[in-house]
Every structure is written in C-alpha cells, then in structure tokens.
Amino acid sequence: MSVLIVTGTDTGVGKTVVTAALAALAAARGASVAVVKPAQTGVGPDEPGDLQEIGRLAGVTDLHEGARFPDPLSPAAAARVSGLPPVQLPAAAGLVGELAHGRDLVLVEGAGGLLVRFDEEGNTLADLARWLGAAVVVTARAGLGTLNHTALTLEALAHRGVQLAGVVVGSWPAEPDLAERCNLCDLETLAARPLAGALPAGAGALPAAEFLLAARAGLSPAFGGTFDAATFRETHQKGTTP
Ligand SMILES: Nc1ncnc2c1ncn2[C@@H]1O[C@H](COP(=O)(O)OP(=O)(O)OP(=O)(O)O)[C@@H](O)[C@H]1O
Ligand SMILES: C[C@H](N)[C@H](N)CCCCCC(=O)O
Ligand SMILES: [Mg+2]
C-alpha cells in the first residue's frame, strides 16, 4: 500500500495526464489502484472531470471525487462563490488513508499548484501530503518560466518536510525549443536528481492502449516505466552547450 500525491507547478500543466500515466502503469502490472480528486473545480455537474479523463486513459474505475464546484477557481474560492460547503481536507486525508489499506496504490490529484487553498482555514495539498506522510510528484511545464515555478514548488515542499517523489514534465513537445532543451538539465539541478519522466505532448488524446505505451516510455522505473533521464537529456541537449 502506498499513497502518491500529484501536484503541479500551476494549473493546466498536465497533472491529470501524469496521474493517468501513473495509474496506467500500476494497473498494467496488476496492482490495485484508486485515484482521488478531493476537489474538482471548473466543471459542471454533468460534465466529465479529471477522474473521468483518468478513467478513460488508464482504464481504472476505482475513482473518488470529493466535491465538485462549477466555477474555474481554487477549491476554497469556488466553494465561497457557490455557497456550497468547502472540502474538508482532513476528511479527504481520512478517505485516502482508508483506501490505502485495501489498495496497492492510491493516487491523489490536487487542484492547480501545491499551495492552492481548499478551505478558508488555508489547508493545501501540501498539508494533505504531510498528514499522510506521502511523497509528492511535481508536474512541471517544459518551457520558459518553468524553472522559477518548479524552484518555488520544490522549496515549499522542502520547507514543509514533504518528500519529493520526482519531477515529471507534463507535456514534452515534439519539437522542443532551446529553453525546453536547456530546462531538462536545469530542472534536474533544481531537484538534485534525474527527471522522473516526460510525457509527450498529445498523450492525453491517445486511446488507452497507446497511452499505456506512452506512459511506459515517459515515466521512470521508480513508477514502473522505462524512461531514462540521461538518455532523454542526451537526445535533446544538442545546442545547449558550446
Ligand atoms: N501530455 C499531454 N498530452 C496531451 N494533452 C495534454 C498533456 N498535458 C496536458 N495536456 C492538456 O493540457 C490541458 C491541461 O492539462 P491537465 O488538465 O492535465 O492540467 P492539470 O494540471 O491537471 O490542471 P488542473 O489544475 O485543472 O487539474 C488539458 O487540456 C490537457 O488535455
Ligand atoms: C479551474 C482549474 N482548471 C483548476 N481546477 C483549479 C485551479 C486553481 C488555481 C488557483 C490559483 O493558483 O490561482
Ligand atoms: Mg487536472
């Protein structure tokens, strides 16, 4: 039994796709896997949310959405605007703990970046990770601007004593520009370890069988994949040094 928390350096960086890739690899090796989204915002009652996307991509059905708010805001702000009660993050931690007893892996996808508030008390995904003693996967953008966002996220994790499970690039472009290629090396410097993966741009639109192949190639052996950071870096580093 283990719990992995999936956060990102921002909203829209590919957390859902990374969570789906982690779930797909776990399921493919026969592990029982549950996925929890404590708060889904920006999606109406009858629309598919991140969990439905994960279910479609990874073929997992053990999906748990804590609360849903229609406005595309932080969970705390979305609850305030809607007049609905905010998510109780301690209760979400309880649910994750319970699920973990009967599963090999429980994945938790946050909302937006690490320090986005879930309630008026200011509880965040970092608090959830701390309560559960769970490590955090940080999904990062590939391009210019990601170094500062990633450094801030890693510093916030370290400040709270939360363990980093790895940095994964959520969407690696087919034709990376100079900043994206340089960032491979610099993201590793920030994390003080090799990249834990890079999923190809467009992976989120693949059918499940092809998504599994992309997940395998795009995530490191620590997550059941074959991604090798050194080979990936070498492939893309042309022109990044004199
Ligand atoms: N590797 C990828 N392949 C295809 N599409 C991607 C990939 N990464 C991200 N996207 C697309 O980018 C958008 C944002 O990605 P995603 O929904 O995964 O972000 P997120 O970090 O989960 O954001 P949120 O905070 O809303 O949960 C989506 O439309 C998604 O389909
Ligand atoms: C609506 C969006 N897709 C996410 N569900 C929520 C993102 C909240 C981000 C808040 C912020 O950092 O300003
Ligand atoms: Mg998402």
Side-chain angles (χ1 to χ4, degrees), residues 4-24 33-58 60 63-82 84 86-87 89 92 96 106-129 136-142 145-146 148-157 160 165 167-172 197-206 211 214-215 218-219:
L4 261 186
I5 310 280
V6 182
T7 191
T9 55
D10 197 0
T11 186
V13 298
K15 289 189 304 292
T16 300
V17 179
V18 168
T19 307
L22 292 164
V33 51
V35 187
V36 180
K37 179 90 181 176
Q40 172 74 66
T41 68
V43 174
D46 301 322
E47 290 175 305
D50 287 2
L51 288 181
Q52 283 68 47
E53 177 83 352
I54 291 165
R56 182 184 69 74
L57 289 167
V60 297
L63 307 167
H64 305 263
E65 188 175 282
R68 179 176 284 214
F69 307 99
D71 291 303
L73 298 166
S74 73
R80 198 187 315 133
V81 166
S82 68
L84 294 165
V87 163
L89 218 48
V96 173
V106 181
L107 296 165
V108 183
E109 183 188 338
L114 181 70
L115 298 189
V116 165
R117 290 173 166 230
F118 281 72
D119 55 33
E120 297 301 334
E121 285 74 56
N123 286 315
T124 70
L125 200 70
D127 295 309
L128 184 76
V136 172
V137 174
V138 173
T139 309
R141 287 201 175 93
T146 199
N148 179 54
H149 289 156
T150 305
L152 290 170
T153 304
L154 297 180
E155 192 168 307
L157 284 174
R160 289 163 178 75
V167 175
V168 176
V169 174
S171 180
W172 179 254
L199 294 172
L206 294 172
F211 182 74
L219 290 179

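All ligand and atom numbering here is 1-based and tracks the order in the structure.
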Checking A129 now: which residues fulfil side chain to side chain contact (heavy atoms under 4.5 Å, CB included) with it, not counting sequence neighbours?
I5, V136, V162
Select one of side chain, backbone, both or neither to describe which atoms of L73 lie under 4.0 Å from any atom of ligand 2, heavy atoms only.
backbone
Those atoms of ligand 2 less than 4.0 Å from some heavy atom in P72:
1 (C)
E109 atom (N/O/S) at minimal separation from the Mg ion (ligand 3)
OE2
Here the gap from H149 atom NE2 to L154 atom CG, rounded to the nearest 0.5 Å, amounts to 13.0 Å
Numbering as shown, the atoms of ligand 2 that approach T11 to under 4.0 Å (heavy-atom distance):
2 (C), 3 (N), 4 (C), 7 (C)
Supply the atom-to-atom distance T153 OG1 to L114 CG, rounded to the nearest 0.5 angstrom.
6.0 Å
Could you measure the distance from the CG atom of L128 to the CG atom of L89? Nearest 0.5 Å is fine.
5.0 Å
Short N/O distance, under 3.5 Å, between T41 and ligand 2?
yes
Checking side-chain hydrogen bond (donor to acceptor under 3.5 Å, both in side chains) against T16, which of K37, E53, E109 comes through?
E109
The salt bridge (Lys or Arg N to Asp or Glu O under 4.0 Å) partners of R68 (sequence neighbours excluded) come to E65
Only to 10 degrees, please: what angle do the OD2 atom of D50 and the OG1 atom of T16 make about the Mg ion (ligand 3)?
90°
Note: heavy atom closest to atom 12 (O) of ligand 2, options L115, V116, D71, D50, belongs to V116
